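Here's the structure, in C-alpha cells; my notes come after.
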Amino acid sequence: MIDLRQLREDPDRFRRGARLKGSDCDIDRLLELDTQKRSYQQDAERLRAEQKSLAKSSGPRMGQLSGQIKSASDADRPALEAELADLRAAPARLKDQIQELEARINEVEPELSAILLTVPQPPDDDVPEGSSADDNVEISRWAPDGWDWDAGFKGSKGFDPQTHLELCERLGLVDFPRGVKMAGSRSYVLTGLGMRLHQAILRYAFDFMVQHNGFTPMSVPVIVREEAMTATGFFPGGRDQAYLVSETARGAGQDLFLTGTGEVGLMGLHQDEILDTARLPLRYVTVSPCFRREAGAAGKDTAGLYRIHQFDKVEQVVICAPDEAESRAWHKKMIGYVEDLLRSLELPYRLLQCCTGDLGAKNADMVDIESWMPGRGELDAGGRPTGDFGETHSASRLYDYQCRRLNMRCREGGETGKGATAFCHSLNNTVAASPRILIPLLEMYQNADGTVTIPEPLRPHMGGIDRIG
RNA sequence: GGAGAGGUGGCAGAGCGGUUGAAUGCGCCGGAUUCGAAAUCCGGUUGGGCCUUCGGGUCCACGGGGGUUCGAAUCCCCCCCUCUCCGCCA
C-alpha cells in the first residue's frame, strides 16, 4: 500500500507510476474521496469535541437526576424531569449531526480504501520503461565451462537434447496421466527418482540458505485468511490466482485461501508488530507447497512441469530497516545467493531486469533469473527445440509497500521502545522452485546415451547415486 | 464435534453506564538522595488519523465489526482468538 500522505503531496509521481505499470487505478477519484472524507471527518470531530465537553459538564448531573426521578414524589417529579429533558436537548442535537456526518464518511470509505489498495508502488527511476515481459533487459548471463551460447546444446555437447518430457517419460520420473486423473490438467505425480531429485534440490537449496547464508529456517501456513493475502499485497489484484477453501459454504465463519508462495507466510509472521531495529535485518527461508490457479494461462505451457497448479518452493525474504541503500544492497545479495546456487549446480542462466510493465503492483524493482532450458523455444528444421530461457527465480524489492499493508514497523527497542516508528522494507526472492527447476536440471545433465547425471551437490541427498537410467 | 471460562496499556491485574486513555503493582525512562550502587522519594512511560500560525489543537482505539444510549471498557448482536474438560484423530 502506498502512503496516502505522499500521494496528496505529489500525486503526479503516483499517476506516472501507475501509467508506467499499465495500471488503470483512478487516482483522481481517490484524491477526491480523500478530500471529502477529511472534510467530513473534521466537521464530525469538532462536533464530537463539543459533545464530549457537554457530557463531562452535565453527564454526572443527568445520572443523578434520573436516579432521583425514580424515587421522587409525584410533586417533585415534573421539575426533575424538566431539568433532565433540558440537559439532554443539546447533546441530543449534536448526536444527530454527528450521525449524519458519519453516514457520509461511511459512504466514501469503502470506495476510498478499495482504490487505495490498487494504487501500485511507483517503479524506481532506474527501472527501464516497457509494457510487457518482451521489454525486459538482460543484465548478464553465466554458463559453466564448455557451454557455448552460440552453439547451443548440440554444439556444446555433441548430441541432440531430449526435452524434459521425453526424459521424464522414458526414465519414469513423472506420471502425468495419473496426476491428471486425480487432479485435472496441470497436475502430475513425481515418481521414484523423479520425486527423489525433487526432494534433493529442495533440501539442497534450503540448507544452502540456512548453513551458508545465515537465513532462519521457518515453516509457515500455506492455507491462510484473506487478510493475510491482502496484507502481503497479493489481494485484491491476484484474487483469481488463488484457490479458495470455501469454509463459509459449510457454515464456518471464514473462508481460507491456499498461498501461491511461502512469501505470504514469511511476511505475515510479524504483521502488526514493532520490530527492534537492532534485530534487523530479519532473514527467513521456508520451503512450502505453492498453489496457483493459473487463471488466464489457458493453453500456455500446457505440457510438462513448467506451469503447474501445485509445486514446492524454497523462498527467501529479508525484512530490513527503511533505508534505500540497505534495501538495494540486500536485493543484490539475494540475487547473488541464487547465482551461487545455480553456479554450484552448473546451470546456465541470465539475469533479467524487468521493465516497468512487468513489475506487478508491489514492486519498485524486480530482477528475474532465467535458466536455460534446452527443450524449450523455437523448433529447428528437424522439428527439435532449439532451447530458450525459462523463468526460474524472481527477486523483488518493495520498499515499505508491503510492510505498510502488514503494519510491520520498527524502532529502537521494538514494542517497548520509545520514539517514532517507521515501516520496514521488505524483499523476496526464489531460492529454488521445483519441479520447474527439474527442467533445466534434467535437460542440461542428460547424456548422449539417454541417461541423466545427478549433479554433484545433489548426490548426498539421493543416497549417493550419480546417474538416472 | 459437545460443554464451559475468558480476551483491558510492555507484563500482571482492577473497573461492569457518567470528568476512565483507563486504579494498583511490576517493568522501563528521567530527577532527587549517594563517593558510587542498592533501597527510598518525586516525575514520566500506548499506538494511530486529521488540522496547525509548529506553540499546539482534536478525534479514534479496552480482540474485530455492528447496535442501544445524551453518554459504552462497562448493556445487546455477529465474528475472531485463547484456555479447561469430553469425544475424535496424524
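Residue numbers begin at 1 in each chain, while the letters A, B, ... track the order of the sequences. These numbers come from a predicted model, not from an experiment.
- When the side-chain nitrogen and oxygen atoms of A:K52 are compared with OP1 and OP2 of B:rU19, none of them lie within a distance under 4.0 Å.
- Classification of A:E109 and A:K37 as a salt-bridged pair holds, one side-chain N sitting under 4.0 Å from a carboxylate O.
- Paired regions of RNA chain B, where each region holds three or more successive Watson-Crick or G-U pairs whose two hydrogen-bonding distances fall under 3.5 Å, are B:1-7 with B:80-86, B:10-12 with B:24-26, B:27-32 with B:40-45, B:46-51 with B:56-61, B:63-67 with B:75-79.
- One finds a side-chain N or O of A:R38 lying less than 4.0 angstrom from the OP1 or OP2 phosphate oxygen of B:rC51.
- A:E109 has its CD atom 11 Å from the C1' atom of B:rG49, to the nearest Å.
- A gap of 13 Å separates the P atoms of B:rG31 and B:rA38, to the nearest Å.
- Scanning all heavy atoms of the two residues, the minimum distance from A:P91 to A:Q51 falls at O-NE2, 4.4 Å.
- Neither OP1 nor OP2 of B:rG71 sits under 4.0 Å from any side-chain N or O of A:R88.
- Atom-to-atom distance recorded for A:W330:CH2 and A:L427:CG is 9.5 Å, nearest 0.5 angstrom.
- Comparing B:rC62 with B:rG17, their C1' atoms sit 15 Å apart, to the nearest whole Å.
- Between A:H270 and A:Y284, the ring centre distance stays below 6.0 Å.
- For B:rU74 and B:rA61, the C1' atoms lie 16 Å apart once the distance is rounded to whole Å.
- A:R48 comes within contact range of the sugar-phosphate backbone alone, with a heavy-atom separation under 4.0 Å but no base atom that close.
- One finds a side-chain N or O of A:R411 lying less than 4.0 angstrom from the OP1 or OP2 phosphate oxygen of B:rG47.
- B:rC42 and B:rG25 are spaced 10 Å apart, taking the P atom of each and rounding to whole Å.
- Phosphate proximity of B:rC81 to A:R225: present, with a side-chain N or O under 4.0 Å from OP1 or OP2.
- The C1' atoms of B:rU33 and B:rC41 are separated by 8 Å, rounded to the nearest whole Å.
- Looking only at atom types and distance, the side chain of A:E129 has no donor-acceptor partner in the side chain of A:T356 under 3.5 Å away.
- Between the side chain of A:E45 and the base of B:rG49, a donor-acceptor pair under 3.5 Å is found.
- Rounded to whole Å, the distance from CD on A:E227 to C1' on B:rC79 is 13 Å.
- Relative to the ring axis of A:Y399, A:R397 places its NZ or CZ within 45° and under 6.0 Å from the centre.
- Note on A:R15 versus A:D28: salt bridge recorded, some NZ/NE/NH1/NH2 to OD/OE distance being below 4.0 Å.
- Mapping A:D34 and A:R46 onto RNA chain B by nearest heavy atom places A:D34 closer to the 5' end of the strand.
- Here B:rC50 is the nucleotide among B:rC80, B:rC70, B:rC50 with the atom lying nearest to any side-chain atom of A:Q41.
- Annotated as anti: B:rG44, whose glycosidic dihedral deviates from 0 by more than 90°.
- Protein atom CG of A:D3 is 9 Å distant from nucleotide atom P of B:rC50, rounded to whole Å.
- For the OP1/OP2 pair of B:rG48 and a distance below 4.0 Å, the side-chain nitrogens and oxygens of A:R409 include at least one atom meeting the criterion.
- If you measure from atom CD of A:Q51 to atom C1' of B:rU19, you get 15 Å, rounded to the nearest angstrom.
- Dashed line: the shortest gap from a side-chain N or O of A:T421 to OP1 or OP2 of B:rG48 is under 4.0 Å.
- The distance between the ring centers of A:F215 and A:Y337 falls below 6.0 angstrom.
- When each of A:R5 and A:E50 is assigned the nucleotide of RNA chain B with its nearest heavy atom, A:R5 is the one assigned upstream, toward the 5' end.
- In this structure, the ring of A:F234 has its center no less than 6.0 angstrom from the ring center of A:F257.
- The NZ atom of A:K37 sits 17 Å away from the P atom of B:rC59 (whole-angstrom rounding).
- Rounded to whole Å, the C1' atom of B:rA23 lies 49 Å from the corresponding atom of B:rA90.
- Residue contacts shown for A:A55 are absent, as no nucleic acid heavy atom lies under 4.0 Å away.
- Rounded to an integer number of Å, the gap from CG of A:D272 to C1' of B:rA61 is 13 Å.
- Using a 4.0 Å cut-off, some side-chain N or O of A:R8 falls inside it from OP1 or OP2 of B:rC50.
- The interatomic distance linking A:L275 (CG) with B:rG47 (C1') rounds to 15 Å, in whole Å.
- Of the C1' atoms belonging to B:rG15 and B:rC51, the separation is 34 Å, rounded to the nearest Å.
- One C1' atom belongs to B:rG63, the other to B:rU8, and the distance between them is 10 Å to the nearest Å.
- Note on ring orientation: taking the six-membered ring where Trp is involved, the planes of A:F208 and A:Y204 are tilted (angle from 30° to 60°).
- Separating the CD atom of A:Q254 from the P atom of B:rG65 is a distance of 14 Å, rounded to the nearest angstrom.
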